[in-house]
Peer 1: 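Questions regarding the structure given below will be posed in turn.
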Amino acid sequence: MKITKIIFLIIFSIALKAFAFDKTHYKNNDGELVILGEIYPNVLKKNSSLNISLTQFMDKYALEYTNINGRNVYFTFNKKDPEIIDCIYNNSREINNGFLNRNAICGLNLEINTAINNYSNIINKVSKKEINFNLNRDINNELIDTNNITLNVYKNNNITIDINYSTLDNYIDAVPYITIKKGNNKVLESKNYFIEYIKTDRDYVINNVIYYNKNMKYEIYSIANNIIFSCVLDNNKKVTLNNKNNQNQYIYRNNNNIELQYPLSNEKPISFDNGKDTISFSRGGYIYNITKKKINDYNLSVKNDNKIIFNKPCKNILTPFPSNINEYFN
């Protein structure tokens, strides 16, 4: 009986701590930052030249930094170590040319003050193109080609990422938009975005583009994973099939919450029927099919006992079947 009680108390204690962390015990207590009951003095600031506040950013707590020079930066916390900064999201114009830099770096594992005091040097490590950008000028130093201003920030593995300004006024007002192309197909365009790099042992590499949809909910376009197919169903759920480390992976999500992922360990690989233009897998007696009926006409169906129990068309094709789709299923 005592052993059972002890085990219960241990589990309850762990669950309570997890609950507290999930509820994110980040507080502003009379101008001081409090994390899980511990005070972190002199982090939060508010004066005429600098403001550091506790805020909500992408559905989680973060520190927001703004200063008199127009710097705007968000610092998000590590999930496992709540007092450690994991990511820095920049939303500031470059001082020398006015280019709006929305680069971010994750996987930093920095102490709070270290991240705040060094954010500019850290972001600069992935911002050479933004820092060195110049508008086109003629021999008289007059601006030329002031429409459709574009900076290519990434081109690899058939994926191209550009930052664009439609006009010079958009550039002056800091209103860019991002485009992502896969081959000749545009798969994403958004005015609200961050380009997220991840810190590796050797370098910084682009991992994701985070963007806001029409409902101002953030979504993630993975660059690290090769997306084979992606669409939004008419129930507003998102279906994605990507290839990571030569394994195909199916993800069904509601906003940023994954509701179904396949395969797990020891499950059969996802298959493709070229004759039927159908991607398929099965789990627990349920058969899942993504079928291309014709150009830009796809649907997700689920069968059980040879009966269709779920059938939803794609209302927004983000990434259509590639022409070389068979190569992913050899």
Peer 1: Side-chain contact, heavy-atom cut-off 4.5 Å: I287 with S282?
Peer 2: yes

Peer 1: Which of these, I325, T319, I228, sits in a side-chain contact (heavy atoms from CB on, under 4.5 Å) with L241?
Peer 2: I228

Peer 1: Working to the nearest 0.5 angstrom, can you tell me the gap between D234 CG and N316 CG?
Peer 2: 12.0 Å

Peer 1: With a 3.5 Å distance limit and no angle check, can you tell me whether K191 reaches the backbone of V175 through a side-chain donor-acceptor pair?
Peer 2: no

Peer 1: Strictly distance-based, threshold 3.5 Å: is any side-chain N or O of N67 a donor or acceptor partner for the main-chain N or O of N69?
Peer 2: yes

Peer 1: Can you give me the closest heavy-atom contact between L44 and L33, atom names plus distance?
Peer 2: CD1-N, 3.7 Å

Peer 1: Would you say the side-chain atoms of N242 and T240 include a donor-acceptor pair closer than 3.5 Å?
Peer 2: no

Peer 1: If I take atom CG from residue L168 and atom CG from residue L135, how far apart are they, to the nearest 0.5 angstrom?
Peer 2: 6.5 Å

Peer 1: Looking just at side-chain N and O atoms, do N289 and S280 make a donor-acceptor pair shorter than 3.5 Å?
Peer 2: yes

Peer 1: Can you tell me how far the SG atom of C87 sits from the NZ atom of K60, to the nearest 0.5 Å?
Peer 2: 6.0 Å

Peer 1: Answer with yes or no whether the hydrophobic clustering places Y154 together with I178; edges join I, L, V, M, F, W, Y residues whose side-chain heavy atoms lie under 4.5 Å apart.
Peer 2: yes

Peer 1: Please step through ring-ring contact (aromatic ring centres under 6.0 Å, His included) for the pair Y286 and F310, ending with a clear verdict.
Peer 2: CA-CA 10 Å; Y286 295 87; F310 180 94; over 10 Å; no

Peer 1: Counting heavy atoms not belonging to D138, are there more than 12 under 6.0 Å from its CG?
Peer 2: yes

Peer 1: Can any side-chain N or O of S190 pair as donor or acceptor with the backbone N or O of N192 at less than 3.5 Å?
Peer 2: yes

Peer 1: Using every non-hydrogen atom in the two residues, find where I68 and S48 come nearest and quote the distance to one decimal.
Peer 2: CD1-O, 4.2 Å

Peer 1: Would you say D81 and E83 make side-chain contact, with heavy atoms under 4.5 Å?
Peer 2: yes

Peer 1: Only one of N72, N90, L50 forms a side-chain contact (heavy atoms from CB on, under 4.5 Å) with Y65, so which one is it?
Peer 2: L50

Peer 1: Any side-chain heavy atom of N248 within less than 4.5 Å of one from I279?
Peer 2: no

Peer 1: For the residue pair F133 and Y171, does the interplanar ring angle fall in the parallel (under 30°), tilted (30 to 60°) or perpendicular (over 60°) class?
Peer 2: tilted

Peer 1: Going by atom types only, do N124 and S127 share a side-chain donor-acceptor pair under 3.5 Å?
Peer 2: no

Peer 1: Please check if the side chain of N208 supplies one atom and the backbone of I210 the other of a donor-acceptor pair under 3.5 Å.
Peer 2: no

Peer 1: For a quick check under 3.5 Å, do Y89 and E196 share a side-chain donor-acceptor pair by atom type?
Peer 2: yes

Peer 1: Can you get from I309 to L233 by hopping between Ile, Leu, Val, Met, Phe, Trp and Tyr side chains that sit under 4.5 Å apart?
Peer 2: yes

Peer 1: One pair to check against side chain to side chain contact (heavy atoms under 4.5 Å, CB included): V126 and I195. What are the steps and the verdict?
Peer 2: CA-CA 10 Å; V126 298; I195 301 174; over 6 Å; no

Peer 1: When you measure from the side chain of R71 to the backbone of R93, do you find a donor-acceptor pair of N or O atoms at a distance under 3.5 Å?
Peer 2: yes

Peer 1: Taking the side chain as C-beta and beyond, is there a heavy-atom pair between Y262 and Y288 under 4.5 Å?
Peer 2: no

Peer 1: Should the heavy atoms of other residues, nucleotides or ligands under 6.0 Å from CD1 of I39 be counted, would the total exceed 12?
Peer 2: no

Peer 1: Would you check if the side chain of N109 reaches a backbone N or O of I84 as a donor-acceptor pair within less than 3.5 Å?
Peer 2: no

Peer 1: Is K237 close to E259 at the side-chain level, that is, under 4.5 Å between some pair of heavy atoms?
Peer 2: yes

Peer 1: Could you give the distance from CD (E32) to CG (L54), rounded to the nearest 0.5 Å?
Peer 2: 12.5 Å

Peer 1: If only atom types and distance count, is the side chain of D162 paired as donor or acceptor with the main-chain N or O of N164 below 3.5 Å?
Peer 2: no

Peer 1: How far does CG of D169 sit from CD1 of I172, to the nearest 0.5 angstrom?
Peer 2: 5.5 Å

Peer 1: Are Y177 and Y221 connected in the hydrophobic side-chain network, where two residues link if heavy atoms are under 4.5 Å apart?
Peer 2: no

Peer 1: Check E130 against E94 and note the closest heavy-atom contact, atom names and distance.
Peer 2: O-CG, 3.8 Å

Peer 1: Whether the side chain of N101 engages the backbone of N103 through a donor-acceptor N/O pair (distance < 3.5 Å, no angle test) should be reported.
Peer 2: yes

Peer 1: Indicate yes or no for a side-chain donor-acceptor contact from N97 to the backbone of F99 under 3.5 Å, with no hydrogens or angles considered.
Peer 2: yes

Peer 1: Does NZ in K129 sit with more than 12 non-hydrogen atoms of other residues, nucleotides or ligands closer than 6.0 Å?
Peer 2: yes

Peer 1: Ring centres under 6.0 Å, that's the criterion: do Y197 and Y204 meet it?
Peer 2: no

Peer 1: Might you confirm whether atom NZ of K45 has over 12 heavy atoms from other residues, nucleotides or ligands at distances under 6.0 Å?
Peer 2: yes

Peer 1: Is there a side-chain contact between Y193 and I163 in this structure, where contact means two heavy atoms from C-beta onward sitting under 4.5 Å apart?
Peer 2: yes

Peer 1: Quick one: closest heavy-atom pair of F321 and D277, and the distance?
Peer 2: CE2-O, 3.6 Å

Peer 1: Kindly indicate whether the side chain of V205, heavy atoms from C-beta on, has any atom under 4.5 Å from the side chain of I198.
Peer 2: yes

Peer 1: Examine distances only and state if a side-chain atom of N96 and a backbone atom of I131 form a donor-acceptor pair shorter than 3.5 Å.
Peer 2: yes

Peer 1: Transitively linked via ILVMFWY side-chain contacts under 4.5 Å: L63 with L36?
Peer 2: yes

Peer 1: Within the 3.5 Å criterion, strictly below it, is a donor on S49 or N47 matched to an acceptor on the partner's side chain?
Peer 2: yes

Peer 1: Centroid-to-centroid, F229 to Y298, below 6.0 Å?
Peer 2: yes

Peer 1: On the 0 to 90° scale, with breaks at 30° and 60°, tag the Y74-F194 ring pair as parallel, tilted or perpendicular.
Peer 2: perpendicular

Peer 1: Closest heavy-atom contact between V73 and S92?
Peer 2: CG2-OG, 4.2 Å

Peer 1: So for atom CG, which belongs to N184, do other residues, nucleotides or ligands contribute more than 12 heavy atoms lying within a distance under 6.0 Å?
Peer 2: no

Peer 1: Using 30° and 60° as the class boundaries, would you call the ring planes of F281 and Y250 parallel, tilted or perpendicular?
Peer 2: tilted

Peer 1: Within a strict 4.5 Å, meaning less than it, do heavy atoms of the L318 and V187 side chains meet?
Peer 2: no

Peer 1: Is there a path from I112 to I52 through hydrophobic residues (I, L, V, M, F, W, Y) whose side chains come within less than 4.5 Å of each other?
Peer 2: yes

Peer 1: Considering non-hydrogen atoms only, spot the tightest contact between F57 and A62 and give its length.
Peer 2: CB-CB, 3.8 Å

Peer 1: Within the supplied structure, the quantity of interest is the number of heavy atoms (other residues, nucleotides, ligands) at a distance under 6.0 Å from N266 CG; does it exceed 12?
Peer 2: no

Peer 1: Hey, what do you get for CG (N118) to CD1 (I123), rounding to the nearest 0.5 Å?
Peer 2: 12.0 Å

